[in-house]
Amino acid sequence: MICDFSLRHYRDLLDAASTGGYRLAGFDRPPQPGDLLLRHDVDLSLDAALKLAEVEAAAGAWSTWFLMTRSVFYNLDSIEGEYAIARLRELGGRIAHHAVWPHVDLDERFEPVVAWHNPEPEYMTAPIAGAENVMSPPWFDPDHYRSDSNQHWRHGCPHEQLGHGEPEWLQLLTHPEIWAYEGNSMRRSMESFLDSDRAARLERLRADRIDLS
Ligand SMILES: [Zn+2]
Ligand SMILES: [Zn+2]
């Protein structure tokens, strides 16, 4: 098994968690022993989120998708954004809010659950009025948290531990863009994302009745 950042290895992680006996959970109740909270911060690409969601559905898994209202990369109010939310739900996902400080734009699209985008330490764990902050207790505990930030697992790829049911419960944060676009470095994955984005934008131009002849 190769510990890369590919859809194939994401599936390995899910299978390992299943072998480890985890039960999937969301942020609607405090974590309990045996819980695996799959969290995705969608920073760049709804397409990547949909690709990962298909992998989860095929594995019988589901997760909580933290979506941005103030992304410079995607627009939840566009047709593509509305479709993405509907499809993520259809595949069993829950929708939460990936907020840009200091704005919390909770509305009926979201569960009252927030993760800050690129938070500064001053407010990362601070309470949020009317919402759960997933980086504060009981959701967050450094011993029960793993993240794939910039293709770097601080404690190594968690697949082996997950297969043994360790830790007792876990919040696992992954960024869909890292897994959906090929590349053995963050730079290469981002180049893949940009290639794919260019093709998608050409299609959008056509759909927008731009003459590309
Ligand atoms: Zn691995
Ligand atoms: Zn983010």
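Counting convention: from 1, in listed order, for ligands and their atoms alike. Since this is a predicted model, take the numbers as computed values, not measurements.
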Original post:
Does the pair Glu80/Arg204 count as a salt bridge with the N-to-O cut at 4.0 Å?
Top reply: yes
**OP:** Before accepting this row, confirm whether a basic side-chain N of the pair Glu203/Arg206 lies closer than 4.0 Å to the acidic partner's carboxylate O.
**Re:** yes
Original post:
Taking NZ, NE, NH1 and NH2 as the nitrogens, is one of them in Asp77 or Arg109 under 4.0 Å from a carboxylate oxygen of the other?
Top reply: yes
**OP:** Look at the side chain of Ser192 and the backbone N and O of Tyr181, then say whether any donor-acceptor pair between them is shorter than 3.5 Å.
**Re:** no
**OP:** Just the protein N/O/S atoms under 2.8 Å from the Zn ion (ligand 2), please, no waters.
**Re:** Asp43 OD1, His98 NE2, His117 ND1
Subject >> Under-4.0 Å salt bridge between Lys51 and Glu54 >> reply: no
Subject >> Considering all heavy atoms, the nearest Leu44-Glu177 contact >> reply: N-OE2, 2.6 Å
Subject >> Under 2.8 Å from the Zn ion (ligand 1) - protein N/O/S, by chain and number >> reply: Cys3 SG, His9 NE2, Cys157 SG, His159 ND1
Original post:
Under a 4.5 Å side-chain heavy-atom rule over Ile, Leu, Val, Met, Phe, Trp and Tyr, are Leu37 and Leu13 clustered together?
Top reply: no
Original post:
Is the His40-His175 ring centre distance short of 6.0 angstrom?
Top reply: no
**OP:** Tell me, please, whether Phe27 has Arg39 positioned over its six-membered ring: NZ or CZ under 6.0 Å from the ring centre and within 45 degrees of its axis?
**Re:** no
